[in-house]
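Side-chain atoms are counted along with the backbone in the values below, which use heavy atoms only and exclude waters and symmetry mates. Every value quoted in this text rests on a predicted model; they were computed, and no experiment measured them.
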Amino acid sequence: MPSPYRALFAAPGSKAFSAAGFLGRMPLSMMGIGVVTMISQLTGRYGLAGALSATIALAAAVAGPQVSRLVDQYGQRRVLRPATLISLLAGAVLLFAAHYGWPDWVLFVACVGIGCVPSVGAMTRARWAALYRGTPQLHTAYSLESVVDEVCFIFGPIISIGLSTAWFPEAGPLLAGCFLAVGVFWLTAQRSTEPAPHPRERNSGSSALRAPGLQVLVATFVATGAIFGSVDVVTVAFADEQGHKSAASVVLALYAAGSCAAGLVFGLLRFKGAPEPRWLLGICAMAVSMIPLLLVGNLPFLAVALFVSGMAVAPTMITTMSLIEEHVPRAQLTEGMTWVSTGLAVGVALGSSVAGLVIDAAGADAGYGVPAVSGAVAVAVGFLGYRRLSRPAPGRGGTVEQHSEREERHVA
């Protein structure tokens with residue numbers, strides 16, 4: 001591991017909470033695809049499988065920010081453990097209902113309960129922020145977290161699908177639940193690195209989403225999520241049309257690998273000046289990288305194109321986390337990070353749905369127009385909202401140097 005990353009773990013407790021965070025976020029990439037695999041094997045109903053997966057994603061999008069808001073007020077341990085227990089109990093109901101053929105409505109209710117799963121990635125990022133706020137090490141820590149996210153998305157679906165197909169249908173979701181339980185309870189057992197809570201009486205009590213800068217980030221990431229969701233669906237369909245459906249997992253893994261590699265390199269760099277221009281450049285790079293997908297003619301070309309386009313993902317995500325630091329009060333940092341993840345999840349659901357309709361109507365080649373249009377929307381929202389990001393809101397985070405530079409630009 002390069003020395004800047006090794007240096008992160010000099011802080012006491014950092015290795016333990018980072019490892020717990022890795023285990024706790026594995027279900028993010030395992031549960032949805034695991035439910036699809038399980039239901040399709042047990043019932044052969046792909047429509048039901050997709051609807052249940054979407055229900056989990058949308059329930060998490062609604063509940064996630066509320067869970068994180070409570071975490072900011074009362075602390076990780078007091079909130080995450082009860083929320084995780086609700087999610088685990090709902091997951092158990094889903095497995096029993098699917099195995100014994102209970103009514104469909106029971107499956108959907110269980111999926112809503114699973115949506116109470118906490119955003120473990122936001123919890124670990126909040127711990128890094130508490131350790132390294134205002135230092136260059138925080139940029140490296142956010143880079144590491146983005147790499148961990150990509151590693152989860154590379155291996156999570158492979159493990160989940162592999163277990164459910166090779167062992168028994170419920171194996172993938174079952175292991176995801178085990179990862180969640182171990183990760184969250186191990187993380188919350190580490191009290192020394194837990195960020196201090198900010199009770200409601202010490203802040204306005206309003207949602208972090210009221211911050212204009214965060215609104216821009218969330219809206220942009222809805223469009224960005226549509227890129228990710230549509231790319232996944234269209235790639236599977238394209239590989240199927242090419243007669244190599246199983247190759248889709250490898251091609252999508254390369255997409256994540258490109259992001260992972262870029263994230264590692266990005267974390268080694270030190271940037272001067274405000275992060276807003278880098279963020280907008282990253283959004284533009286993601287949009288432009290979708291254009292070659294419109295020209296794909298075979299799987300090898302698609303794999304190369306996705307690897308290259310993936311290299312814009314992690315740097316943009318890392319810079320977004322830095323912007324959240326500036327535009328959200330410190331007392332609402334975890335909630336702010338979760339809102340961005342929520343926007344991403346909503347976008348994924350929208351993108352995958354629209355892509356499926358386009359594929360059914362015009363084929364996989366036309367489907368790649370969905371991520372291209374989504375990228376254009378992300379760029380448009382980014383440019384329209386850029387002025388809201390040009391200066392942090394009063395009382396928000398950011399280093400002294402960044403505040404001074406913005407003041408100079410504003411005066412000029």
Q) If you measure from the Lys or Arg side-chain nitrogens to the Asp or Glu carboxylate oxygens, is any gap between R25 and E145 under 4.0 Å? A) yes
Q. Going from CG on L138 to CZ on R125, what distance comes out if it is rounded to the nearest 0.5 angstrom?
A. 10.5 Å
Q: Specify the closest pair of heavy atoms between C116 and I86, including all atoms of both residues, with the distance to one decimal.
A: SG-CG2, 3.9 Å
Q. If we only count heavy atoms from C-beta on, is the V117 to L180 side-chain gap below 4.5 Å?
A. yes
Q. Can you check whether L323 reaches L214 side chain to side chain, under 4.5 Å on heavy atoms?
A. no
Q) Do you know the tightest heavy-atom contact between F238 and G297? A) CZ-C, 4.0 Å
**Q.** Residues that T140 engages under side chain to side chain donor-acceptor pair (under 3.5 Å), provided they are two or more places apart
**A.** R270
Q) Any donor and acceptor pair, going by atom type alone, linking the side chain of Q242 with main-chain N or O of L299 inside 3.5 Å? A) no
Q: Quick one: do L293 and L306 satisfy side chain to side chain contact (heavy atoms under 4.5 Å, CB included)? Show the steps, please.
A: CA-CA 8 Å; L293 302 184; L306 283 178; 3.9 Å; yes
(Q) For the CZ atom on F383, are there more than 12 heavy atoms of other groups (residues, nucleotides or ligands in this structure) within a distance under 6.0 Å? (A) no
Q: Check the pair T55, V112 against side chain to side chain contact (heavy atoms under 4.5 Å, CB included), reporting the backbone distance first and the verdict last.
A: CA-CA 6 Å; T55 299; V112 171; 3.9 Å; yes
Q) Considering all heavy atoms of both residues, which atom of S146 and which atom of I318 are nearest to each other, and what is their separation? A) OG-CG1, 3.3 Å
Q: Would you please indicate if the ring centroids of Y132 and H139 are separated by under 6.0 Å?
A: no
Q: Keeping the roles fixed (side chain from Q73, backbone from P197), state whether a donor-acceptor pair exists under 3.5 Å.
A: no
Q | Nearest atoms (heavy-atom pairs only) where V106 meets A97 | A | CG1-CB, 4.0 Å
Q. So how far is it from I114 CD1 to L88 CG, rounded to the nearest 0.5 Å?
A. 9.5 Å
Q: Check for a donor-acceptor pair, side chain of S164 on one end and backbone N or O of S160 on the other, with a separation under 3.5 Å.
A: yes
Q.
To the nearest 0.5 Å, what is the distance between CD1 on I56 and SG on C111?
A. 4.0 Å
Q: Determine whether more than 12 heavy atoms belonging to other residues, nucleotides or ligands lie under 6.0 Å from atom CZ of F155.
A: no
Q: Answer whether the closest heavy-atom distance between the side chains of W186 and F17 falls below 4.5 Å.
A: no
Q.
If you compare all heavy atoms of A223 against all heavy atoms of V377, which two are closest, and at what distance to 0.1 Å?
A. CB-CG1, 4.0 Å
(Q) Determine whether a donor-acceptor pair (N or O, by modelled atom type, separation under 3.5 Å) exists between the side chain of T188 and the backbone of R77. (A) no
Q. Does the S18 side chain pair with the main chain of K15, one donor and one acceptor, at a distance under 3.5 Å?
A. no
Q.
So which atom in L131 and which in A11 form the shortest heavy-atom distance, rounded to 0.1 Å?
A. CD1-CB, 4.0 Å
Q. Can you tell me if S259 uses its side chain to pair, donor with acceptor, with the backbone of A314 under 3.5 Å?
A. yes
Q.
Check for me whether the distance between the ring centres of W128 and F9 falls short of 6.0 Å.
A. yes
Q.
Assess the residue pair L344 and V340 against the criterion (side chain to side chain contact (heavy atoms under 4.5 Å, CB included)); give the C-alpha distance rounded to whole Å, side-chain angles, the decisive distance to 0.1 Å, and a yes or no.
A. CA-CA 6 Å; L344 206 62; V340 171; 5.7 Å; no
(Q) Keeping Y142 on the side-chain end and M317 on the backbone end, is there a donor-acceptor pair under 3.5 Å? (A) no
Q: Compare all side-chain heavy atoms of S143 with those of L264 and state whether any distance is below 4.5 angstrom.
A: no
Q. W279 and side chain to side chain donor-acceptor pair (under 3.5 Å): which partner among T319, T320, T220?
A. T320
Q.
Please evaluate residues Y368 and M290 with respect to the criterion side chain to side chain contact (heavy atoms under 4.5 Å, CB included), reporting the C-alpha separation (whole Å), side-chain torsions for both, the decisive distance (0.1 Å), and the verdict.
A. CA-CA 8 Å; Y368 279 117; M290 293 297 105; over 6 Å; no
